[in-house]
Amino acid sequence: MTASADRSAARWHTIQQFLFEEARLLDEREWDAWLELFLPEAEYWMPYEWGQESPTDHVSLFYEDLTLLRMRIDRLKSDLSPLEWPPSRTNRHLSNVRIVADDGDHLTVAGYLMFVEYRREEQRIYSSRVTWDLVASGDSFRIAGKRVDLLNCDQETGHLRISVPM
């Protein structure tokens, strides 16, 4: 393996470990530590339509800057979110992590996320494609943006009851 390939593999491994840690923080409800992963200008977006190109020209399931994301987390932490009582137990399964673009300090990373939630004797499973905009920060990264494209985002029947971030 060449030195360049070694550096590429090491960078991919570091990115993957960062994303695994993000999933762990969410699953263990370590909300404040999770929010610290985000840059102050970060955005969290979950489109309402498959292939939606912009969060501003169409309604979204979630489109939050860091202030709104903190408000949602504050509701979760203080038991003020009726959809999240009793608190759910979750597992996030991340796979197929790949670097889409890498210009050194700014990266676009994509992967697949299986989100499993259990609450009130009901288990729900959501599949999604996730894209992270990451910025290098020391030995790790910070999240500048996160887009979660639910496979069934535009389902016509039933109700998507997602209150915790994916």
Side-chain angles (χ1 to χ4, degrees), residues 1-47 51-56 60-78 81 84 87-118 124-151 153 162-166:
M1 189 176 277
T2 67
S4 176
D6 282 344
R7 281 191 302 277
S8 255
R11 185 150 172 99
W12 175 80
H13 179 74
T14 303
I15 291 165
Q16 184 173 275
Q17 293 307 303
F18 175 80
L19 298 178
F20 288 159
E21 177 63 8
E22 181 203 13
R24 184 195 69 77
L25 292 172
L26 286 165
D27 285 338
E28 294 181 9
R29 303 176 78 85
E30 293 183 25
W31 305 121
D32 293 329
W34 177 69
L35 287 170
E36 287 301 315
L37 299 178
F38 287 82
L39 290 169
E41 65 277 8
E43 293 180 337
Y44 177 92
W45 180 31
M46 187 180 290
Q52 187 175 331
E53 293 187 23
S54 168
T56 58
S60 296
L61 294 170
F62 293 102
Y63 180 52
E64 300 166 325
D65 62 11
L66 193 56
T67 300
L68 289 174
L69 200 52
R70 282 188 195 285
M71 289 172 61
R72 179 154 56 122
I73 295 304
D74 286 344
R75 284 192 304 270
L76 290 169
K77 287 173 21 181
S78 62
S81 180
E84 187 54 18
S88 60
R89 296 188 304 245
T90 62
N91 284 139
R92 289 161 179 82
H93 305 271
L94 185 59
S95 69
N96 296 17
V97 174
R98 64 198 179 286
I99 300 170
V100 177
D102 183 350
D103 73 1
D105 287 338
H106 294 85
L107 301 97
T108 302
V109 178
Y112 296 126
L113 176 71
M114 182 73 66
F115 175 76
V116 183
E117 177 182 46
Y118 179 78
R124 289 186 297 254
I125 300 171
Y126 298 98
S127 182
S128 62
R129 296 178 180 177
V130 183
T131 305
W132 293 265
D133 292 321
L134 302 178
V135 175
S137 177
D139 294 347
S140 189
F141 303 94
R142 301 278 308 274
I143 301 171
K146 183 174 180 180
R147 175 182 174 147
V148 180
D149 288 283
L150 283 176
L151 199 56
C153 62
I162 301 170
S163 57
V164 296
M166 292 179 65

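Model, not experiment: these values are computed from the prediction.
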What distance do [X] atom [atom1] and [Y] atom [atom2] have between them, rounded to the nearest 0.5 Å?
X      : Y      : atom1 : atom2 : answer
Tyr44  : Ile143 : OH    : CD1   : 10.0 Å
Asp149 : Gln52  : CG    : CD    : 8.5 Å
Leu113 : Asn96  : CG    : CG    : 11.5 Å
Trp31  : Asp74  : CH2   : CG    : 11.5 Å
Phe141 : Asp105 : CZ    : CG    : 10.0 Å
Leu134 : Thr108 : CG    : OG1   : 8.0 Å

What is the minimum heavy-atom distance between [X] and [Y], and which atoms define it?
X      : Y      : value
Trp132 : Ala110 : CZ3-C, 4.2 Å
Ala136 : Gly104 : CB-O, 4.3 Å
Leu61  : Leu150 : CD1-CD1, 3.9 Å
Gln16  : Val97  : OE1-CB, 4.3 Å
Val135 : Ala144 : CG2-CB, 4.0 Å
Pro47  : Val148 : CD-O, 3.2 Å

request  = Using the six-membered ring of Tyr126, assess whether NZ or CZ of Arg92 lies under 6.0 Å from its centre and within 45 degrees of the ring axis.
outcome  =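 No cation-pi geometry.
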
message = Please evaluate residues Leu69 and Leu35 with respect to the criterion side-chain contact (heavy atoms from CB on, under 4.5 Å), reporting the C-alpha separation (whole Å), side-chain torsions for both, the decisive distance (0.1 Å), and the verdict.
response = CA-CA 8 Å; Leu69 200 52; Leu35 287 170; 3.9 Å; yes

[X], [atom1] atom: more than 12 neighbouring heavy atoms under 6.0 Å:
X      : atom1 : result
Glu41  : CD    : yes
His13  : NE2   : no
Trp45  : CH2   : yes
Asp139 : CG    : no

inquiry  = Quick one: does any side-chain atom of Arg147 pair with a main-chain N or O of Asp133 as donor and acceptor, under 3.5 Å?
reply    =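 No, because the side chain of Arg147 does not come within donor-acceptor range (under 3.5 Å) of the backbone of Asp133.
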
task = Compute whether any side-chain donor of one residue and acceptor of the other, for Thr56 and Ser54, lie under 3.5 angstrom apart.
result = yes

Any heavy-atom pair between the side chains of [Y] and [X] that's under 4.5 Å?
X      : Y      : answer
His93  : Ser127 : no
Lys77  : Asp32  : yes
Val100 : Thr131 : no
Glu21  : Leu37  : no
Phe62  : Leu68  : no
Trp34  : Ile73  : yes

query = Do you know which of Glu64, Glu43, Glu22 makes side chain to side chain donor-acceptor pair (under 3.5 Å) with Lys146?
reply =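 Only one option passes, and that is Glu22.
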
key: Step-by-step salt bridge (Lys or Arg N to Asp or Glu O under 4.0 Å) determination, Arg24 to Glu30   = CA-CA 8 Å; Arg24 184 195 69 77; Glu30 293 183 25; 3.2 Å; yes

